[in-house]
Every structure is written in structure tokens, then in C-alpha cells.
*Asks:* 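I have a structure here, written as C-alpha cells, and I will follow up with some questions on it.
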Amino acid sequence: MLIQPRILKGFRDSLPEQEIEKSALIKNLVKTFESFGFVPIDTPALELTEVLLGKGGGETDKQMYRFQDKGKRDVSMRFDLTVPFARYMAQHYSEIYLPFKRYHIAKVWRGENTQRGRYREFFQCDFDMVGVDSASSDFEILMMMKASLSALGVDKATIHINHRGIFNRFLNHLGLAEKSVEVLRMVDKLTKIGREKVLQGLSEYTEKDKAELILDFIVAEDSFEKTLKKMCRLAGGPGEDSQRMEDIWAMAKELELQEGIILNPSITRGLDYYTGLVYETFLDELPGLGSVCSGGRYNNLASLYSKEELPGVGASVGLDRLLAGLDEINKNNLRKSLTDVIIFNMDPPLSGQYHKMAQQLRKQGIRCEVYPAKKKLQGQFKFAEQKDIPLGIICGVQEMETGTLNLKDLKNRESWESISLAEAIEKIIAFLDREII
RNA sequence: GUGAAUGUAGUUCAGCUGGUAGAGCGUCAGAUUGUGGUUCUGAUUGUCGCGGGUUCAAGUCCCGUCAUUCACCCCA
């Protein structure tokens, strides 16, 4: 009896073309992160539940993959990279300098219901800066979000930012501090269910006039400045928090990065450890997909594990969700392999020669392979096509004797006949520069 | 976790009120192009997601289950 090959709900296999695309994106992200002076770290996939859960409970608890290990320890799979990072910082505090800027690209697991762009196992690409609480660091994260998105080839996206501090002051001002959780939850639905319904929902928690005020507060004006001004007015005047926003915006203007960034007072959610600025990013063409890159400032995350004050700010790219989105927007022309040249097997006794030729190509940085068996040329062409290999070398006995070969552009079916290996290498390199990204 | 929709050849789909499954594309073989894009001829494929039930008879009705998608919840 055969075992049926299958995988768990929300978990996915990755075919070569998908994995090639994904690892190329990761490579670009790493390059971007490192260009900002961020360093890589890693943490275990499995940790003690008490470490990951903190004092929390709530939603996190429900979504964690939690079980008892063979030593009867209560353990859980990490469900994000930020909480393990907090533990990491507390544990390695003495070995680390501040401010510490790290990136971490790894899988996380959440046992929630699946949907498009929502999986139970997915990659997060976190970048955080801890040890400082400054406008400069908040802005740097914002810059990196933009840089990361463009490194990923996403040009149509909007980053929404907001400051929780201003909102809290506003709620205090209204005397609604205790209801903040409920209010925030309602507010967050603005774009989804619309003005009227939010108003209706809010009325359950407070008087009508206050609900109107809240609604007024969360609707963005037509410019960053105007929105901020209104928020300040409603929150009882400017403060440290609004000053922070102003500073960040000033820097954005200085670098001409305002495009694609908006101050959106209705963005409030995010995990409950955020204390200041919060970021969320939506694809312009697929806002329903949810945020593809979000984060914020958390000024006491490590307090669970350490007495040290460790303010931090960071964000996370949801790589798998983003990929789901990109695939939907522009059926990416995925490559099924990264081979540049295939050397066809015209005559098996020449195999040694073929491998020698391949080695010479590799020395020039050309990725190549030798067709490993005797087969009709037509079949070999078919193979090359399935593997998306752009160039082929045809070299039979006669060519070998005269020291020449035929190089063929497999897609356009044009060939350069009877050229030397050196000439072929030149042509291959020129071709790849032109055709391959 | 709650509510709903969908699940038919590799793929996109058809299959009306129940009567033992079909098309395009693809794939494969042969012929013809000096080394495959054309053309011609022929061929191929399905536990109708899975498991039960109703019925003389189920892809078609009922129940369960799994997966996907949508909404809620939450989030990347």
C-alpha cells in the first residue's frame, strides 16, 4: 500500500522556478540590508513556550504551534522573528554593541486559517535597530522599507505610517483610554467597511459626538502636514510624538522620498508591543492582500527578559505573501533553471571533451551543463527548452577535429556556425549581458 | 476558531432536470523541414479530491472528511 504523497494545510512545496525566484529576491534583500550596515543573525525555530509567549496569551497563544517535546518541555515554534530577537538581545546583551542593527530572514509558523497570501509556514524578512529611540532610526527603517520594496521590483506600493502615541493622547483626551482596544479595532476597519459602519460600531462604546470626533481623527487629509495638524489639534496640541512625525517627514522631504508614503491615522493595529510609530505597506493593485511589509517602534520589548532598557524599531517583509501578490499581478516570467549553456551530446565517446569544454566555460563564469546521455537531438532540444536554457553548443566529430563548434540561440533558433571556443565564449558573454537580467 | 463557495485528464474548462465521461491546448510516436518553431498522420491520459449513504443506476442527490478560495477574527 502506497502512502499518499501530501502536505499539511497552509504548508507548501516549492518548485525550482519558484525557489529560483524566491532566492533571487532574498539575495536582493540581503544586499539591501547590508548596504545599510545591518548584520545577519539566526535563532532557533523551536523555543520554550514561556519565552515566546511572554506574559501574553491572547491571539498569539491560539496561533502558535505548541507541543510537549520528548523531555516533557512545553515548547513552541516561533511565530514571528521579533519576540525571539528580544530574547536574543537580553541573552547576549553583554556581547553586543549598541545600537545594534540586525536582519533576520527565516521561516515562521502560525496555526491560523489559510487564505490567499496567508500560510501556516512563511518567510519573514525582519530588520530592526535597537538601542536608540530617535527620529533618525525611525526614518532609516522607513527608508529601508522603500529600498527593500524596490529591490524586490515592487514599484506600486504605498507605505502607511501613523503614531500610536498621538492616538493614545487623543483617546485620553476623550476619556476613552480604557476602551482603546475596542476603538482601535473598529477604527482599523475604516477602509474595509466604510465610514458609516465604523461610526455605528463606535457608537456602541461611546457617545455619538465622540464617535464623530474619532471618525474625524482617523480620516486622512490630502497632505501629510494637514493630517498631522488635525491630529494634533484633536489630541490636545502638539507633543513629543507629533514632533517625531514632523522630524521624520522633514527628512523624507530632504531625501525626496515622500512619494508612496502617507500618514494614515486609521492604521493602528499591529502587534500590541508597538508603542510609537507603526508602518504598513499595501500593494496598490492588491490592497486586499493585506500588508506586505509592516513594523513599528517598540520601546520596551526586551523588558520581559531583561532589566536593560532596549528601545527598538523595525519592520518585516512578508516575502511569501508578496510573492503571492506579484504572481497574481504580473505572471512573472519564471526561469526553470539558471543554466546559461547546454552542451549537446552528439557523440557519446566525446563526453570527456564535452566536460572539458564545460569546465572552460565555467572558468569564465558561465553556468553550463553537459547533456548526460545519448539521445536524439530533438529530445535534447526538448530538455533544454523545459529547463529554459538559452544557449546550446553543438559539436560533433567533424567539429571536434577542426576545433570548432556551433553555438545556438535556442529560443530564436539562430546559430553561429564553425566558430572557435574562444569566439563562442565572447558571444555567450555578450549574449547573456544582453538577454539575461 | 466561526460562516460560505469550489474541487472533473498535465492544463483551461464542458457535462441540462441522476443512466456507466468530453473539447481545446499540452504531451508522445512516425513522416517531412541538413539541427527541434511549420505541415501531415496516428496515439495517449481521468481512483470524476477522499470515505460513506440513498437508488435498479451518482461526476450529477445526502452526510462526513481533506484541500483551495472568500468573509469574520487576526496578521506578513
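Throughout, a chain's letter reflects where its sequence line sits, starting with A, and its residues are numbered from 1.
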*Asks:* Which nucleotide, in any strand shown, forms a Watson-Crick or G-U wobble pair with B:rU17, with both distances under 3.5 Å?
*Replies:* none

*Asks:* Taking for each residue the nucleotide of RNA chain B bearing the nearest heavy atom, is the 5' side occupied by A:Ser316 or by A:Glu385?
*Replies:* A:Glu385

*Asks:* C1' atom, B:rU68 versus B:rG49: distance in rounded Å?
*Replies:* 11 Å

*Asks:* Please give the distance between the C1' atoms of B:rA57 and B:rG1 as a whole number of Å.
*Replies:* 41 Å

*Asks:* Rounding to an integer number of angstrom, what distance separates B:rG7 and B:rG53 when you compare their P atoms?
*Replies:*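 My reading of the P atoms in B:rG7 and B:rG53 gives 23 Å.
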
*Asks:* State which residue, out of A:Arg12, A:Arg78, A:Lys107, A:Lys9, fulfils the salt bridge (Lys or Arg N to Asp or Glu O under 4.0 Å) condition with A:Glu121.
*Replies:*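 That would be A:Lys107.
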
*Asks:* Expressed as a whole number of angstroms, how long is the span from A:Leu184:CG to B:rC74:C1'?
*Replies:*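 Going from A:Leu184 (CG) to B:rC74 (C1'), I get 14 Å.
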
*Asks:* Would you please indicate yes or no on a ring centroid separation below 6.0 angstrom for A:Tyr103 and A:Phe38?
*Replies:* no

*Asks:* What's the spacing between A:Thr275 OG1 and A:His163 NE2 if we round to 0.5 Å?
*Replies:* 7.5 Å

*Asks:* Taking atom C1' of B:rA76 as reference, at what distance in whole Å does atom CZ of A:Phe127 sit?
*Replies:* 12 Å

*Asks:* When you compare B:rC25 with B:rC63, how far apart are their P atoms, in angstrom units rounded to a whole number?
*Replies:*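 So the two P atoms sit 40 Å from each other.
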
*Asks:* Between A:Trp249 and A:Phe224, is the ring centre distance below 6.0 Å?
*Replies:* yes

*Asks:* With sugar-phosphate meaning primed atoms plus P, OP1 and OP2, does A:Leu410 contact a base, only sugar-phosphate, or nothing at under 4.0 Å between heavy atoms?
*Replies:* base

*Asks:* For the C1' atoms, the ones on B:rU47 and on B:rG52, what distance do you get once it is rounded to whole angstrom?
*Replies:* 16 Å

*Asks:* Could you tell me the separation between the CG atom of A:Asp409 and the C1' atom of B:rG37, rounded to a whole number of Å?
*Replies:*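 Going from A:Asp409 (CG) to B:rG37 (C1'), I get 12 Å.
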
*Asks:* Please report, rounded to the nearest Å, how far the P atom of B:rG1 is from the CD atom of A:Gln63.
*Replies:* 12 Å

*Asks:* Using a 4.0 Å heavy-atom cut-off, does A:Glu417 contact any base of the nucleic acid, only the sugar-phosphate backbone, or nothing at all?
*Replies:*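 Base: the residue A:Glu417, judged by heavy atoms under 4.0 Å, touches a nucleobase.
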
*Asks:* What does B:rU2 pair with, Watson-Crick or G-U, if both distances are under 3.5 Å?
*Replies:*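 Answer to the pairing question: B:rA71, which forms a Watson-Crick or G-U pair with B:rU2.
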
*Asks:* Hey, is the side chain of A:Ser291 poking within less than 4.0 Å of OP1 or OP2 on B:rA76, counting only N and O atoms?
*Replies:* no

*Asks:* Check this for me: A:Glu259, atom CD, are more than 12 non-hydrogen atoms of other residues, nucleotides or ligands nearer than 6.0 Å?
*Replies:*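 Not more than 12 within 6.0 Å, no.
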
*Asks:* Strictly by Watson-Crick or wobble contacts shorter than 3.5 Å, is anything paired with B:rU39, and which nucleotide is it?
*Replies:* B:rA31

*Asks:* In whole angstrom, give the distance that lies between atom NZ of A:Lys197 and atom C1' of B:rC72.
*Replies:*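 Interatomic distance, NZ of A:Lys197 to C1' of B:rC72: 12 Å.
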
*Asks:* Using the ring of A:Phe79 (Phe, Tyr or Trp, six-membered ring only), decide whether A:Arg110 places NZ or CZ under 6.0 Å from its centre and within 45 degrees of its axis.
*Replies:* yes

*Asks:* Could you identify the nucleotide paired to B:rU45, looking across every strand shown and requiring Watson-Crick or G-U wobble geometry with both distances under 3.5 Å?
*Replies:*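 When the pairing criteria are applied, nothing turns out to pair with B:rU45, so the answer is none.
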
*Asks:* Write down the distance between CD1 (A:Ile342) and C1' (B:rG36), rounded to a whole number of angstrom.
*Replies:*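 About 13 Å, once rounded to whole Å.
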
*Asks:* What distance, rounded to whole Å, do you find between the two P atoms, one in B:rG19 and one in B:rU38?
*Replies:*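 So the two P atoms sit 40 Å from each other.
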
*Asks:* Once hydrogens and angles are ignored, does a donor-acceptor distance under 3.5 Å link the base of B:rA76 to the side chain of A:Glu112?
*Replies:* yes

*Asks:* Pick out the pairs of N or O atoms, protein on one side and nucleotides 67-71 of chain B on the other, that lie under 3.5 Å.
*Replies:*
{"residue": "B:rU68", "atom": "OP1", "partner": "A:Gly10", "partner atom": "N", "Å": "3.0"}
{"residue": "B:rC70", "atom": "OP1", "partner": "A:Arg116", "partner atom": "NE", "Å": "2.9"}
{"residue": "B:rC70", "atom": "OP2", "partner": "A:Arg116", "partner atom": "N", "Å": "2.6"}
{"residue": "B:rA71", "atom": "OP2", "partner": "A:Gln115", "partner atom": "OE1", "Å": "3.0"}
{"residue": "B:rA71", "atom": "N7", "partner": "A:Gln115", "partner atom": "NE2", "Å": "3.4"}

*Asks:* Once you apply a heavy-atom cut-off of 4.0 Å, does A:Cys293 come out as touching a base, just sugar-phosphate, or nothing?
*Replies:*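 Touches sugar-phosphate only.
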
*Asks:* Is there a donor and acceptor pair closer than 3.5 Å between the side chain of A:Arg110 and the base of B:rC74?
*Replies:*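 No, the side chain and the base share no sub-3.5 Å donor-acceptor pair.
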
*Asks:* Just the rounded figure in Å: distance from P of B:rC75 to CG of A:Asp80.
*Replies:* 11 Å

*Asks:* For a quick test of reading the model: is some side-chain N or O of A:Lys189 closer than 4.0 Å to OP1 or OP2 of B:rC73?
*Replies:* yes

*Asks:* Please walk me through it: do A:Phe282 and A:His160 pass ring pair (Phe, Tyr, Trp, His ring centres under 6.0 Å)?
*Replies:* CA-CA 8 Å; A:Phe282 298 93; A:His160 298 243; 5.2 Å; yes

*Asks:* Kindly confirm or rule out a cation-pi arrangement of A:Arg297 over A:Tyr274, judged by NZ or CZ under 6.0 Å from the six-membered ring centre and within 45° of its axis?
*Replies:*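 Checked: cation-pi criterion not met.
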
*Asks:* Paired with B:rU11 by Watson-Crick or G-U wobble geometry, both distances under 3.5 Å: which nucleotide is it?
*Replies:* B:rG24

*Asks:* Please report, rounded to the nearest Å, how far the P atom of B:rA76 is from the CE atom of A:Met145.
*Replies:*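 These atoms are roughly 11 Å apart.
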
*Asks:* Sticking with atom P, work out how far B:rA67 lies from B:rC13, rounded to a whole angstrom.
*Replies:* 23 Å

*Asks:* Measure from the side-chain heavy atoms of A:Arg321 and tell me the nearest of B:rU35, B:rC75, B:rC74.
*Replies:* B:rC75

*Asks:* Could you give me the CA-CA distance, side-chain angles and deciding distance for A:Phe36 and A:Phe127, then say whether ring pair (Phe, Tyr, Trp, His ring centres under 6.0 Å) is met?
*Replies:* CA-CA 10 Å; A:Phe36 281 81; A:Phe127 44 100; 8.5 Å; no

*Asks:* Suppose you measure atom P in B:rC62 against the same atom in B:rC16; what distance do you get, rounded to whole Å?
*Replies:* 14 Å

